[in-house]
Amino acid sequence: TRGLVDDLAEGRWREADVLNVWALDGGRWCECENCRQLGSATDRMLRLAGQVRSALAVAERAGKLHRTVQVVFPIYHETLPPPTRPLPAGFDYENTIAVMFPISRCYEHRLDDTRCTEYNAAIWKDLSAWFGPERIYRGSFMLGEYYNQSRFRSLPMLFTRPMAAELPLFFDQGVRHLHFMHVCVDHLGPKRLTNYLFARLGWNPTADVPSVTRDYFQRCYGPAA
């Protein structure tokens with residue numbers, strides 16, 4: 001944490017307002033006796049994020065860090081299940097944000113479609129538990145998605161159906177932030193429509209998707225829309 005404070009105060013991250021505190025991507029967590037006593041991977045991730053945010057708050061109060069830097073931790077792979085034990089006293093919910101990355105999902109079905117027993121049903125069971133009445137984490141949420149990317153990065157696919165269904169779904173659950181993983185900037189083709197719709201639904205999750213897409217085609221293609 002001392003190194004992080006130095007980097008944020010006067011080093012390479014001196015203009016950063018958000019700090020991603022993530023573990024290795026799909027990494028292995030230590031299973032020694034001492035580490036197991038700290039709880040699940042999610043429990044340990046929240047403990048780490050809380051400790052980092054506490055150190056940043058101390059630096060802010062001391063005048064070393066002259067801005068609030070928010071900490072973002074991932075709900076992803078091994079940290080997809082919700083925490084199993086209470087968070088430390090004084091956990092800074094206001095400035096510690098959870099970002100959900102449902103990477104190993106199916107896009108043929110809605111994420112909350114229980115008929116998708118091979119993929120989405122299990123993922124949604126974990127995600128919805130974060131929102132439930134018995135939830136332990138009480139902070140804010142961000143949705144991270146992989147439209148246009150990951151396995152689909154070279155394919156001319158559209159994601160209008162899942163986006164139209166799921167951005168309102170997450171908004172209803174209280175999600176108020178969006179994270180678009182690996183934004184494409186060239187060779188876009190039909191990916192432009194996905195980018196445009198994601199942006200429009202980000203501003204207004206209840207926007208009428210057919211109207212948005214008609215507007216897109218008319219503006220892009222004129223008489224050929």
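Quick caveat: nothing in here was measured; it's all calculated off a predicted structure.
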Looking at OG of Ser40 and CD of Glu78, how far apart are the two atoms once the value is rounded to the nearest 0.5 Å? 10.5 Å
For residues Glu145 and Pro102, report the shortest heavy-atom separation together with the two atoms involved. OE2-CG, 3.8 Å
Determine whether Leu111 and Met157 fall in the same hydrophobic cluster, where Ile, Leu, Val, Met, Phe, Trp and Tyr are linked whenever their side-chain heavy atoms lie under 4.5 Å apart. yes
Tightest non-hydrogen contact, residues Arg192 and Leu188, listed as CG-CB, 3.5 Å
Heavy-atom side-chain contact between Leu65 and Arg67 under 4.5 Å: yes
Which residues satisfy the side chain to side chain contact (heavy atoms under 4.5 Å, CB included) test with Thr1, sequence neighbours excluded? Val52, Ala55
With sequence neighbours excluded, what pairs up with Arg135 under the side chain to side chain donor-acceptor pair (under 3.5 Å) test? none
Applied to residues 37-61, the ring pair (Phe, Tyr, Trp, His ring centres under 6.0 Å) test, sequence neighbours excluded, yields none
Rounding to 0.5 Å, atoms CE (Met142) and CD1 (Ile75) come to a distance of 11.0 Å
Cys106: partners by side chain to side chain contact (heavy atoms under 4.5 Å, CB included), with sequence neighbours left out: Glu108, His109, Cys116, Tyr119, Asn120
Please work out whether the ring planes of Tyr107 and Phe159 are parallel, tilted or perpendicular, with thresholds of 30° and 60°. perpendicular
Which donor-acceptor pairs under 3.5 Å do the side chains of residues 13-22 make with protein atoms, sequence neighbours left out?
residue : atom : partner : partner atom : Å
Arg14   : NH1  : Gly11   : O            : 2.8
Trp22   : NE1  : Val72   : O            : 3.4

Residues forming a side chain to side chain contact (heavy atoms under 4.5 Å, CB included) with Glu31, sequence neighbours excluded: Trp29, Arg36, Arg44
For Leu48 and Met45: C-alpha separation, side-chain torsions, deciding distance, then whether side chain to side chain contact (heavy atoms under 4.5 Å, CB included) applies. CA-CA 5 Å; Leu48 174 61; Met45 187 76 258; 3.9 Å; yes
Any side-chain heavy-atom pair of Asp113 and Trp124 under 4.5 Å: no
Could you name each residue pair satisfying ring pair (Phe, Tyr, Trp, His ring centres under 6.0 Å) that touches residues 185-208, not counting sequence neighbours? Tyr147-Phe198, Phe180-Phe198, Tyr196-Tyr216
Give me the ring orientation class for Tyr137 and Phe73: parallel if the planes are under 30° apart, tilted from 30 to 60°, perpendicular past 60°. perpendicular
Verify side chain to side chain contact (heavy atoms under 4.5 Å, CB included) between Ile136 and Phe91, making sure each step is shown before the conclusion. CA-CA 11 Å; Ile136 294 173; Phe91 190 92; over 6 Å; no
Answer yes or no for Arg176 and Phe171: cation-pi contact, defined as NZ/CZ to six-membered ring centre under 6.0 Å and angle to ring axis within 45°. yes
Side chain to side chain contact (heavy atoms under 4.5 Å, CB included) with Gln37: which residues, sequence neighbours excluded? Glu33, Asn34
Residues pairing under side chain to side chain donor-acceptor pair (under 3.5 Å) where one sits in residues 158-167, two or more places apart or in two chains, turn out to be Arg105-Glu166
Here the gap from Leu8 atom CG to Leu56 atom CG, rounded to the nearest 0.5 Å, amounts to 6.0 Å
CG on Leu167 to CG on Leu178, rounded to 0.5 Å: 5.5 Å
Can I get a per-line list of side-chain donor-acceptor pairs under 3.5 Å for residues 218-225, giving both atom names and the distance, sequence neighbours left out?
residue : atom : partner : partner atom : Å
Arg219  : NE   : Asp215  : OD1          : 2.7
Arg219  : NE   : Asp215  : OD2          : 3.0

Verify the neighbour count for atom CG of Leu24: are there more than 12 heavy atoms of other residues, nucleotides or ligands below 6.0 Å? no
Let me confirm one number: the CG-NE2 distance from Leu143 to His179, rounded to the nearest 0.5 Å. 10.5 Å
Verdict with reasoning, Val5 to Val58, per side chain to side chain contact (heavy atoms under 4.5 Å, CB included): CA-CA 10 Å; Val5 168; Val58 169; over 6 Å; no
Do Asp6 and Lys64 touch side chain to side chain, with heavy atoms closer than 4.5 Å? yes
Quick one: OG1 on Thr79 to CG on Leu46, what's the gap to the nearest 0.5 Å? 8.5 Å
Can you tell me which residue pairs pass the salt bridge (Lys or Arg N to Asp or Glu O under 4.0 Å) test with a partner in residues 79-93, sequence neighbours excluded? Asp43-Arg85, Arg53-Asp92
In terms of hydrophobic clustering (I, L, V, M, F, W, Y; side-chain heavy atoms under 4.5 Å; direct or indirect links), are Phe217 and Leu158 co-clustered? yes
For a quick test of reading the model, state the closest non-hydrogen atom pair linking Pro205 to Pro168 and the distance between them. O-CG, 3.0 Å
Are the side chains of Phe101 and Asp25 in touch, meaning some heavy atoms are under 4.5 Å apart? no
Would you find a donor on one side and an acceptor on the other, under 3.5 Å apart, between the side chain of Thr96 and the backbone of Tyr93? no
Who passes side chain to side chain donor-acceptor pair (under 3.5 Å) against Thr117, sequence neighbours left out? none
Test side chain to side chain contact (heavy atoms under 4.5 Å, CB included) on Tyr76 and Val99 and set out the steps. CA-CA 8 Å; Tyr76 175 73; Val99 56; over 6 Å; no
